[in-house]
Structure formats: C-alpha cells, structure tokens
Student: 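Please find one structure pasted underneath; my questions will follow.
Owing to the predicted nature of the structure, the values given are computational and were not obtained by experimental measurement. In each ligand, atom 1 is the first atom listed, and ligand 1 is the first ligand listed.
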Amino acid sequence: MTFRGDANFDTTSVSRGGGGGRGGGAIAIGGGGILTVILVLVSMFFGVDLTGLAPGQPIDPQSQTQSGEEITGCTGEQANDPANIDCRMEGGADSMSQFWETTFAANNLEYRDPTVQLFDRQVETGCGGATSAVGPFYCPPDERIYLDTTFFQQMRDQFGASGGNLAQLYVLGHEWGHHIQNVTGDLQRVQQGDTGPQSTAVRSELQADCYAGAWIAAASQTADDDGGAPLLIAPTQTEMNDALNAAQTIGDDRLQQMGGGGVNPEGWTHGSSEQRANWLATGYNDGVGACNTWSAPQV
Ligand SMILES: [Zn+2]
C-alpha cells in the first residue's frame with residue numbers, strides 16, 4: 001500500500017519524543033533472551049488495560065505528559081520511504097482519521113481523533129511509565145496511541161515478520177481500533193483477567209485487528225479532507241500478505257512457542273495467529289460492519 005507521492009498530511013496530531021525523553025536509560029530487563037520474550041509476550045499489543053483505569057476517565061491536565069515534537073510537512077513520497085517511519089505514521093494517521101470520521105458520520109455518530117505519540121525506549125503516559133518492552137499500546141485516559149517504533153525492527157529481527165510498510169500501518173490501525181472501541185464503549189466490555197480463545201480480551205483484540213483491515217480496504221477509497229483524491233493507492237496482494245504475516249507473527253500461540261513453552265490457549269489475551277489473520281482479513285473483505293466480534297458465537 002503506497003501513499004500518493006503528492007499527498008499532504010495535515011489533520012492529525014502525531015508527535016515524537018516527549019514524556020520520559022529519548023535515551024534516558026530504559027529500565028534494565030536483564031538477562032535478555034527468555035525473560036525479554038516473556039515480557040513481550042505478556043504485554044505485546046497490550047493496548048487496553050495497562051493500569052485498569054476506566055476508559056474515558058479524565059486526567060489532570062497538569063499531570064498530562066508532554067506530547068513531544070509535532071511531525072509536520074510530510075509528503076506521500078516521504079511516507080513511502082522505508083526509512084521514514086515518522087512520515088509513514090503521520091500519513092497513516094491522517095488517512096485513518098478521515099476514514100473513521102466518514103464512517104461515524106454515516107452512522108450519525110460523533111467522532112473524535114486520538115493523538116499519536118512515537119517514542120523509543122521509554123515514555124511517560126496517562127497510564128503510567130512505559131518502556132519498549134510493552135510494545136505499542138493505546139492509553140484510554142489520555143486517548144493517545146503510544147508507539148515505540150523500534151518495535152517494527154523487533155518484528156523483523158526477533159519474530160521473523162516481513163515487517164513492510166503495510167505491516168507497520170496495520171499496527172497503527174490496530175491501536176486506532178482500540179480508540180474506536182473507547183469511543184463506542186466496546187472497550188468496557190473487556191473483563192479484567194478474562195483470557196482464552198473466546199474471552200472478552202481476545203474479542204477486543206480481534207475487533208481491533210478487524211478494524212485495521214477495514215481501514216486498509218477503505219483507505220484508497222476515502223477522499224481526503226479537502227474532497228481531493230485518497231491519500232493511498234490500494235494495496236497489492238504482496239502488501240496485504242505482509243500485513244497478514246504481521247498479524248500471524250504476533251499471535252499468542254506463536255509467541256508462546258517462541259517463549260519456549262508449550263501452547264496454552266487458556267492464557268491467550270490477543271488471539272492465535274489464525275484468529276488474528278482471519279479477523280484482519282474479515283475487516284479487509286467485509287468492512288467495519290463485519291467486525292462485531294462480541295456477538296460472534298466463535299471468534
Ligand atoms: Zn491490541
């Protein structure tokens with residue numbers, strides 16, 4: 001999936017840095033290897049319940065962390081550059097904003113954007129401090145997506161994912177999906193400690209995957225804010241395979257195997273490789289209306 005070369009992005013707030021700042025000694029994990037994998041395993045795409053704070057709970061503006069430096073002035077050409085993650089996230093966020101705004105408006109619902117904060121190593125958030133080990137996540141109290149971009153490298157190096165441009169945008173689309181759940185109230189259906197292949201935790205994660213797929217399919221059809229051409233060109237099959245590969249790579253069964261233990265479905269919080277790829281494909285093929293993972297007898 002590629003951005004139109006002359007596309008301009010200007011609607012959303014994507015920033016880098018802020019909070020704990022860059023390079024300030026991340027919490028030592030120590031030992032590496034298995035411990036790191038286990039930490040990643042429990043927290044990967046953790047997304048919704050870092051602290052157990054209720055969605056929408058207001059936070060003291062005084063305590064709100066700085067959002068860092070705003071990313072502006074990116075072109076589509078820059079967003080397509082494999083080395084330019086910041087511009088790609090800015091472009092993806094703009095497209096997602098337009099897609100969800102349009103989708104909500106079509107249903108007479110009021111929409112509001114999340115903000116996106118890119119960081120590396122560590123960051124202070126409305127949900128507390130976080131390090132790279134947590135993986136990308138969404139923090140409901142400050143309605144902000146936190147994305148450590150070294151995660152994309154980790155997806156390739158540690159998990160063996162293809163990790164191309166669309167795989168990266170899928171990750172952003174998944175976290176954006178959690179924001180949609182926060183706005184619609186679906187996020188509150190997740191019961192703390194409820195795990196397993198058919199659990200509320202997994203249903204929430206699969207819906208976020210489905211929403212990401214719906215955005216991928218619609219992105220090349222959604223006019224930009226000024227009514228101009230869509231920001232993106234429809235994905236090729238190769239690009240779509242790259243996104244599906246990412247979803248499979250971060251399936252709970254795959255991560256459990258990588259952690260050296262056996263596969264234990266009762267411990268799943270995000271869904272198996274198969275579940276995740278299936279729901280991403282469902283959103284892609286059938287759109288937002290097909291993403292009701294809550295009423296599906298089996299997900
Ligand atoms: Zn998630």
Student: Which word best sums up how the rings of Phe119 and Tyr146 line up, parallel for under 30°, tilted for 30 to 60°, or perpendicular for over 60°?
Tutor: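 If you compare the ring of Phe119 with that of Tyr146, the planes turn out perpendicular.
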
Student: Measure from the Zn ion (ligand 1) to every N/O/S atom of His174 and report the name of the nearest one.
Tutor: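 The closest N, O or S atom of His174 to the Zn ion (ligand 1) is NE2.
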
Student: If you look only at pairs with a residue in residues 217-260, which of them pass as a ring pair (Phe, Tyr, Trp, His ring centres under 6.0 Å), with sequence neighbours excluded?
Tutor: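 Found none.
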
Student: In Glu205, the N, O or S atom nearest to the Zn ion (ligand 1) is which?
Tutor: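 Closest N, O or S atom of Glu205 to the Zn ion (ligand 1): OE1.
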
Student: Among all residues two or more places apart in sequence or in another chain, which pass the side chain to side chain donor-acceptor pair (under 3.5 Å) test with Ser220?
Tutor: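 If we apply the side chain to side chain donor-acceptor pair (under 3.5 Å) test to Ser220, skipping adjacent residues, there are no hits.
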
Student: Confirm or rule out an N/O/S atom of Glu175, from backbone or side chain, lying less than 2.8 Å from the Zn ion (ligand 1).
Tutor: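 Under 2.8 Å: Glu175 has no N, O or S contact with the Zn ion (ligand 1).
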
Student: Within less than 2.8 Å of the Zn ion (ligand 1), any N, O or S from His178?
Tutor: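 Yes.
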
Student: Do the side chains of Arg4 and Glu77 get close enough for a salt bridge, i.e. N-O under 4.0 angstrom?
Tutor: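 The answer is no: the pair does not qualify as a salt bridge.
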
